[in-house]
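I have placed the structure first, in the form of structure tokens, so that the comments after it can refer back to it.
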2 protein chains.
Amino acid sequence: MATLTPTRAAAASAPKKATARRDAAATREALVQAAVDEFSRSGFAGARVDEIARVAGVNKQLVYHYFESKQGLYLVALESVYAQIREKEQALSLGALEPVDAMTQLIGFSFDYLAEHPEFIALLADENRNQGQHILASERLKRMHSPFIEMLERTLERGAAQGVFRRDMDAVHLYISIAGISYFFFSNNHTLSAIFGKSLGSKGALVQRRRHVIEFALNALRP
Amino acid sequence: MATLTPTRAAAASAPKKATARRDAAATREALVQAAVDEFSRSGFAGARVDEIARVAGVNKQLVYHYFESKQGLYLVALESVYAQIREKEQALSLGALEPVDAMTQLIGFSFDYLAEHPEFIALLADENRNQGQHILASERLKRMHSPFIEMLERTLERGAAQGVFRRDMDAVHLYISIAGISYFFFSNNHTLSAIFGKSLGSKGALVQRRRHVIEFALNALRP
DNA sequence: GTCTATACAGGGATAGAC
DNA sequence: GTCTATCCCTGTATAGAC
């Protein structure tokens, strides 16, 4: 015990030696990042805690130290990807756009976000296969309401008032439809490619799909 | 080798003793059924061969006897659910329906099939998370083209000729969109319910969704 | 064709030193 | 806060009898 003193003194006198890799926040963050990767690649059951620790460059024991269990880490990983999309949604500025232009932005955003975030899709798919048990258990996640739905609602109202959109549209169902036409293309890209015998993963297919999605959804909204 | 003769003779003289529970085909079928259940509930990695054998009411060793490995069984399970939907699709008779009515049938069918077959959705999701590795490895699966897409194409053409549908529609993209607005609702029902704070799994929500889906897709198709 | 028993590896989780 | 070592269960797969 007496041997601790020198160490303590050193720590006290030079508390933030920048070399320190004993950085709790950074370690946590590295683990969450690695977890998102591994869980999205392999699902909850297929994911390996060993692998997550290895990729994060830390000892496996720290997973249990910080997150209690594999499940605990999974929940934080899920919260993390939701937090990220919410942040991007907040940043959407539709400004003074005309309803049709605003709607085009909204549809394009939901397409682009999914295109750029396959890990989000993979985690959602896994969470749903598990009956949404984590999202239901997390008050924090349930409180993370999407600003997207309100933007959609407002745009819809403005457009209806101007006579450019139909009146009888439920915003939640519209949201699900807009998200769905993009989501299904990405989430099932492999099986769709195999069944149709052509690669839907190419850049060309992506561009073509984006155009179709926007046109399809806008058409559906016409009065 | 000589001892085979009596058995052969017996088989020839009484080939179909109905009492037999040593029925290879039935055993196989029970295993595939149980596999579809277990794999859809838990994914490939989470599924337990023990559990599949238990539910099928047979010994675990038979899984390896008939299917070589867990993967082999998974592939057959996947082929099985695809075969089922293809069969139902074949049975769709659009007869002499007007294009709009025929399209309504097609959209309704894709909605209803997904509503009634959550195991199909779950297996597809898992297969896609695994990069479609099984479907790519199976010539049989890749050859299982959907008749749905051709029905869609023909209906689209007829409608365009009559001026009730747009002309510039790609059948594959349209298929993905029609399937997507239904699929996403079911595949992500749990997370959507949690985020919107209302149960989308209820019978009422289902009926409402079905109406929306048909209306949304038909609107999108108007010229 | 079906069963029992078991080999063998892998992985979640914990103990305890530093 | 981080590391090494290890426990112990579970799950795939196989051997071999009947």
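Chain identifiers are assigned alphabetically (A, B, ...) following the order of the sequence lines, protein sequences preceding nucleic acid strands; residue numbering begins at 1 within each chain.
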For Arg48(B) and dA13(D), what is the distance between atoms CZ and P respectively, to the nearest whole Å? 12 Å
Round to a whole Å and report the spacing from CD of Glu38(A) to C1' of dG11(C). 12 Å
When you measure from the side chain of Ser193(B) to the backbone N and O of Leu200(B), does any donor-acceptor pair fall under 3.5 Å? yes
Quantify the bending of the helix from dG1(C)-dC18(D) to dC18(C)-dG1(D) as the angle between its end axes, each fitted on five pairs, to 10°. 0°
Between Leu31(B) (CG) and dG1(C) (P), how many Å, whole number? 13 Å
Out of dA13(D), dT2(D), dG11(C), minimum distance to the side chain of Lys70(B) belongs to dA13(D)
In plain terms, say whether Asp37(B) and Arg41(B) are close enough for a salt bridge, that is, a side-chain N and a carboxylate O under 4.0 Å apart. yes
Residues forming a side-chain contact (heavy atoms from CB on, under 4.5 Å) with Pro147(B), sequence neighbours excluded: Arg86(B), Glu89(B), Gln90(B), Met151(B)
Phe109(B) six-ring face occupied by Lys88(B) cation (under 6.0 Å, within 45°): no
Selection: residues 50-63 of chain B, any non-hydrogen atom under 4.0 Å of DNA chain C: Asn59(B), Gln61(B), Leu62(B)
Between Asn128(A) (side chain only) and His190(B) (backbone N and O only), is there a donor and an acceptor less than 3.5 Å apart? yes
Carboxylate-amine/guanidinium proximity below 4.0 Å for Arg140(A) and Glu79(A): yes
